[in-house]
Amino acid sequence: MVSTNKEVILVDVRRWAKILHLNDNFDWLNLLYLLYKYPEFRTLYYYRIKKSNFIGFIFMHIIKFFYRECPSLFLYCDNIGSGLFIQHGFSTIVSAESIGDNCWINQQVTIGYSSENEHPIIGNNVTINAGAKLIGKIIVNDNVTVGANAVVVKDVPSNCVVVGVPAYVIKRDGVKVKELLV
Ligand SMILES: CC(=O)SCCNC(=O)CCNC(=O)[C@H](O)C(C)(C)COP(=O)(O)OP(=O)(O)OC[C@H]1O[C@@H](n2cnc3c(N)ncnc32)[C@H](O)[C@@H]1OP(=O)(O)O
């Protein structure tokens with residue numbers, strides 16, 4: 001758990017660097033490289049900066065002019081934990097109540113509401129694969145993997161892999177199962 005925005009950004013940079021096999025001795029260089037090369041990282045970085053202070057807010061608008069955000073990636077969530085990795089962030093909208101640390105989100109993912117105040121809560125170390133939809137007032141607990149194109153409309157217990165429409169559990173604690181979500 002990290003507290004300041006600067007620490008959160010550092011965790012983001014280190015996680016992205018690890019996943020993308022960058023040299024992890026150079027945080028500053030990695031930050032600049034990620035900002036230059038990955039629009040998904042830019043969107044996340046601007047999200048962090050916007051939440052810091054007024055100067056950060058102005059700074060964000062200036063650099064945003066030169067280095068654009070990922071055009072169809074939307075982070076509408078007040079509380080996103082550190083170390084979020086976004087792979088191919090096109091057509092992805094994240095409208096969760098909160099997201100824990102070290103999550104992973106792929107392209108064409110929708111995390112959204114079923115009615116105005118009913119948004120998902122996502123735990124730590126949750127991976128949401130391509131095309132998955134997580135809808136409504138559900139809790140996706142820690143260490144869950146949501147399979148490509150799954151539609152999740154019920155709570156998911158921790159340490160599970162879920163797939164399908166509607167989603168069901170295919171692995172729990174690494175063991176193959178076939179269980180409905182309740
Ligand atoms: C450009 C790019 O490439 S971006 C990256 C795109 N890739 C992704 O998003 C990866 C998505 N990965 C998945 O969906 C994976 O299948 C996972 C993570 C959900 C599951 O992986 P594993 O735990 O290895 O499961 P495994 O392959 O053993 O499959 C277990 C069972 O679930 C089924 N299954 C696996 N994934 C899915 C899925 N997304 N939807 C429906 N069924 C699925 C399998 O057919 C298998 O069924 P069976 O037991 O009847 O044979």
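The chain is numbered in sequence order, starting from 1. Note that ligands are numbered from 1 as they come in the structure, with each ligand's atoms numbered from 1 the same way.
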Which N or O atoms of ligand 1 sit under 3.5 Å from a protein N or O, and how far apart is each pair?
{"unit_1": "ligand 1", "atom_1": "9 (O)", "unit_2": "Asn129", "atom_2": "OD1", "d": "3.4"}
{"unit_1": "ligand 1", "atom_1": "9 (O)", "unit_2": "Ala130", "atom_2": "N", "d": "3.1"}
{"unit_1": "ligand 1", "atom_1": "14 (O)", "unit_2": "Ala148", "atom_2": "N", "d": "2.9"}
{"unit_1": "ligand 1", "atom_1": "23 (O)", "unit_2": "Lys171", "atom_2": "NZ", "d": "2.8"}
{"unit_1": "ligand 1", "atom_1": "39 (N)", "unit_2": "Ala148", "atom_2": "N", "d": "3.4"}
{"unit_1": "ligand 1", "atom_1": "39 (N)", "unit_2": "Ala148", "atom_2": "O", "d": "3.0"}
{"unit_1": "ligand 1", "atom_1": "49 (O)", "unit_2": "Lys176", "atom_2": "NZ", "d": "3.1"}

- request: State yes or no: do Val182 and Val163 share one hydrophobic cluster built from I, L, V, M, F, W and Y residues joined by side-chain heavy-atom distances below 4.5 Å, directly or via other members?
  value: no
message: For the aromatic rings, using the six-membered ring if either is Trp, is the centroid distance between His61 and Phe57 under 6.0 Å?
response: yes
message: Show me the pairs that pass side chain to side chain donor-acceptor pair (under 3.5 Å) and involve residues 122-131, at least two apart or across chains.
response: Asn125-Asn143
- prompt: Should Asp27 and Arg14 count as an ion pair when the cut-off is N to O under 4.0 Å?
  reply: yes
task: Could I get the full list of side chain to side chain donor-acceptor pair (under 3.5 Å) partners for Arg172, not counting sequence neighbours?
output: Glu179
- request: Name all pairs fulfilling the side chain to side chain donor-acceptor pair (under 3.5 Å) condition that reach into residues 40-49, sequence neighbours left out, sorted by first residue then second.
  value: Asp12-Arg48
